[in-house]
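Report on the structure given below.
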Amino acid sequence: MLISASDYGPFGPVVGYGGAIMATGGALLTLFAGKMKKWRPPDEDLPGGAQAIVLLLCGVGMVLQWYFAAPGALKWFVLLIAAMLLLTLLCFLRYSGLLGTYRYYAEVVTSPRKTVKVPILGGRELLPEAEKKRRKLHVDTQTLFEGAEYKPDLLWSKESRQWVKQRVLIFFIFTLVLGTSALTAASFSVQVLLTQKAAASVIRTEESPGLNKKP
């Protein structure tokens, strides 16, 4: 049995707005508050501006979805949600692959008796001298990094590391924005199903007689 506006009475419109806001806020808080650190980019490679960019893109996408969400466009919203979910998966797989290939760990001393492993991003390719040493010793890059006392500049050039950082950050932003947008689109679709009205109708005077009343 499909849901209907009568099931929620006057609270039908609130479901879509509340769901969209909670979806966006929940996703951003979860990812940036530290609960998903295992698959976030290393903190030193996650610039502060990235959060602002994600918030901007999610905010603009949410407003556009709210404006175009209407009964006549519902089928397009369903297709949009499916497409964004697929793109989210593809971007995440690419992002996860980049982390798996270029992420290394440095031992950082936090106290006289304790050290912690801190992830960093390496470069696209080793410096010629470092590559020769790796082949001579027959070791992997992580072991070579440990032998270099966790100094990345001894193994990779700045340009090589920047190449990796840019792509990791791009796919991280795409994954987050697309996933959050899919959630907000689903929330507005539910609102349209509940009310059989456009999401933006709440601010239109012809749809809201109460707004026409003059004091």
- [ ] Using the side chain to side chain contact (heavy atoms under 4.5 Å, CB included) rule, take T141 and W156 through it: C-alpha gap first, then chi angles, then the decisive distance, then the call.
- [x] CA-CA 11 Å; T141 306; W156 305 281; 3.7 Å; yes
Task: Residue pair K114 / V116, side-chain heavy-atom distance below 4.5 Å - done: yes
Task: Heavy-atom donor-acceptor pair, R161 side chain to S157 backbone, under 3.5 Å - done: no
Please report, to 0.1 Å, the donor-acceptor pairs under 3.5 Å made by any side chain of residues 76-83, with sequence neighbours excluded.
none

Task: Y102 and R124, any side-chain heavy atoms less than 4.5 Å apart - done: yes
Task: Within one Ile-Leu-Val-Met-Phe-Trp-Tyr cluster: Y150 and Y104, side-chain cutoff 4.5 Å - done: yes
Task: Side chain proximity check, L87 to T175, heavy atoms < 4.5 angstrom - done: no
- [ ] Please lay out, stage by stage, how K132 and K136 fare under the test side chain to side chain contact (heavy atoms under 4.5 Å, CB included).
- [x] CA-CA 6 Å; K132 288 180 181 178; K136 181 179 180 180; over 6 Å; no
Task: Distance in Å, W163 CH2 paired with E159 CD, rounded so as to fall on 0.5 Å steps - done: 14.0 Å
Task: Residue pair T184 / Q65: nearest heavy atoms and the distance that separates them - done: OG1-OE1, 2.6 Å
Task: Shortest non-hydrogen contact between L126 and A130, atoms and distance - done: CB-CB, 4.2 Å
TODO: May I ask you to test the F145-L155 pair for a side-chain heavy-atom distance under 4.5 Å?
DONE: yes
- [ ] Rounded to the nearest 0.5 Å, what's the gap from CZ on R134 to CG on L144? Could you check?
- [x] 8.0 Å
Task: Positive for side-chain contact (heavy atoms from CB on, under 4.5 Å) with T88, one of T180, L183, V177, L178 - done: L178
Open item on the list: Is any side-chain heavy atom of L98 closer than 4.5 Å to one of V164?
Closed with: no
Task: Any side-chain donor near an acceptor of the partner, S160 and E125, under 3.5 Å - done: no
Task: L86: hydrophobic cluster co-members (side-chain, 4.5 Å) - done: L90
Task: Within one Ile-Leu-Val-Met-Phe-Trp-Tyr cluster: F171 and L89, side-chain cutoff 4.5 Å - done: no
Task: N/O donor-acceptor pair under 3.5 Å between E107 side chain and T115 backbone - done: no
Task: L99 and V168, any side-chain heavy atoms less than 4.5 Å apart - done: yes
Task: Spacing of L176 atom CG and L57 atom CG [to the nearest 0.5 Å] - done: 9.5 Å
TODO: Determine yes or no for a side-chain-to-main-chain donor-acceptor pair under 3.5 angstrom, with T143 supplying the side chain and V139 the backbone.
DONE: no
Open item on the list: Measuring only between side-chain heavy atoms, which start at C-beta, is E129 closer than 4.5 Å to K133?
Closed with: no
Open item on the list: When you compare the side chain of R103 with that of I120, does any pair of heavy atoms fall below 4.5 Å?
Closed with: no
Task: Test ring pair (Phe, Tyr, Trp, His ring centres under 6.0 Å) applied to F68 - qualifying residues, sequence neighbours left out - done: none
Open item on the list: I need the minimum non-hydrogen distance between L85 and A182, along with the two atoms involved.
Closed with: CD2-CB, 3.9 Å
Task: Ring geometry between F172 and Y95 (parallel below 30°, tilted from 30 to 60°, perpendicular above 60°) - done: tilted
